[in-house]
A.B. asks: 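What follows is a single structure, and I will ask about it in a moment.
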Amino acid sequence: LATGDRAGGLRVWESANLREYLDLRGHDAAVTAVSWRADSNVLASASEDGTARLWEMEGGTMVKRWGAHGGGALWIDFARDGRIVTGGRDRTAKVWDGNGSLQRALEPFPDIALRAAFTGDGGRIVAGDWSGEVRVFAAADGKVLGKLRLDPPTREERIEEALAEVAVREAEAAAAAKAAGESAELAAKASA
């Protein structure tokens, strides 16, 4: 179990007996997020000091440190393949390789990027900001694939959507009826 605190403390605990296993020192401000690499041999941490860090679990040494987000890094997440995604106060989510080299910064949000995570297959990134906007990005090129709607539509919006769908279906039905009529005429001509 890994925990971070507002004073920059980062600790790893043995889950079986709740004893402290490692005291990882290095962050100068609040630790905002931690994420384990799939093999559990490396822990990633993000901090309000703007850095992301990688820690190995054999001796508890920091193996990598980089400036992730100006103003503060708020989130960090490992993909199964070792890539990393972070979110921060600079309103962006960023994708890094397993060594902390920037692969791409995703399109900025209107507000602080609070969370970012890879999907299970690693093909997409889902990220959200303080205002509640949630976007889905293609991990390969960083393009926005869509936005998730968090609030359910109002009754009026649902009625408008249903009426629009009815109009589309009626047009399709009219086209199909016309095509059926034309086919019947051609069949009658062929029979004659």
A.B. asks: Do Thr92 and Asp90 have side-chain N/O donor and acceptor atoms under 3.5 Å apart?
C.D. replies: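 The criterion, which ignores hydrogens and geometry beyond distance, is satisfied for Asp90 and Thr92.
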
A.B. asks: Are the side chains of Ile76 and Trp96 in touch, meaning some heavy atoms are under 4.5 Å apart?
C.D. replies: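 No, too far: nothing below the 4.5 Å cut-off.
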
A.B. asks: Would the distance check show the side chain of Lys94 and the main-chain N or O of Ala68 forming a donor-acceptor pair, the cut-off being under 3.5 Å?
C.D. replies: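 It does hold such a pair.
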
A.B. asks: Is it true that the NZ or CZ of Arg80 lies under 6.0 Å from the centre of Phe118's six-membered ring and within 45 degrees of the ring axis?
C.D. replies: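 No - Arg80 does not lie over the ring of Phe118 by the 6.0 Å and 45° rule.
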
A.B. asks: Can you check side-chain hydrogen bond (donor to acceptor under 3.5 Å, both in side chains) on Asp49 and Thr51, steps first, answer last?
C.D. replies: CA-CA 6 Å; Asp49 64 13; Thr51 66; 2.6 Å; yes

A.B. asks: How long is the straight-line distance from CG of Leu22 back to CD of Glu14, given to the nearest 0.5 Å?
C.D. replies: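 Going from the CD atom of Glu14 to the CG atom of Leu22 covers 9.0 Å.
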
A.B. asks: Do side-chain atoms of Glu56 reach the backbone of Glu58 as a donor and acceptor pair under 3.5 angstrom?
C.D. replies: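 Judged by distance alone, yes, a pair lies under 3.5 Å.
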
A.B. asks: Is a salt bridge present between Arg89 and Glu48, judged by a nitrogen-to-oxygen distance below 4.0 Å?
C.D. replies: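 Answer for the salt bridge query: yes.
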
A.B. asks: Between Val34 and Leu24, is there shared hydrophobic-cluster membership here, with clusters defined by ILVMFWY side-chain heavy atoms closer than 4.5 Å?
C.D. replies: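 Yes, because Val34 and Leu24 connect within a single hydrophobic cluster, where side-chain heavy atoms sit under 4.5 Å apart.
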
A.B. asks: To the nearest 0.5 Å, tell me how far Trp55 CH2 sits from Leu43 CG.
C.D. replies: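 Rounded to the nearest 0.5 Å, the CH2-CG separation comes to 8.5 Å.
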
A.B. asks: Check whether more than 12 heavy atoms from other residues, nucleotides or ligands sit under 6.0 Å from atom CZ of Arg104, and answer yes or no.
C.D. replies: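 More than 12 within 6.0 Å, yes.
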
A.B. asks: Below 4.0 angstrom, N of the basic side chain to O of the carboxylate: do Glu161 and Arg158 qualify?
C.D. replies: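 Salt bridge: no.
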
A.B. asks: How long is the gap from CG on Leu106 to CZ on Phe137, to the nearest 0.5 Å?
C.D. replies: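 CZ of Phe137 is found 5.0 Å from CG of Leu106.
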
A.B. asks: Between Ile125 and Trp75, is there a shared hydrophobic cluster once you connect ILVMFWY residues whose side-chain heavy atoms come closer than 4.5 Å?
C.D. replies: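 In one cluster: no.
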
A.B. asks: I'd like to know if the side chain of Thr32 and the backbone of Ala73 have a donor-acceptor N/O pair within less than 3.5 Å.
C.D. replies: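 Yes, because the side chain of Thr32 sits within donor-acceptor range (under 3.5 Å) of the backbone of Ala73.
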
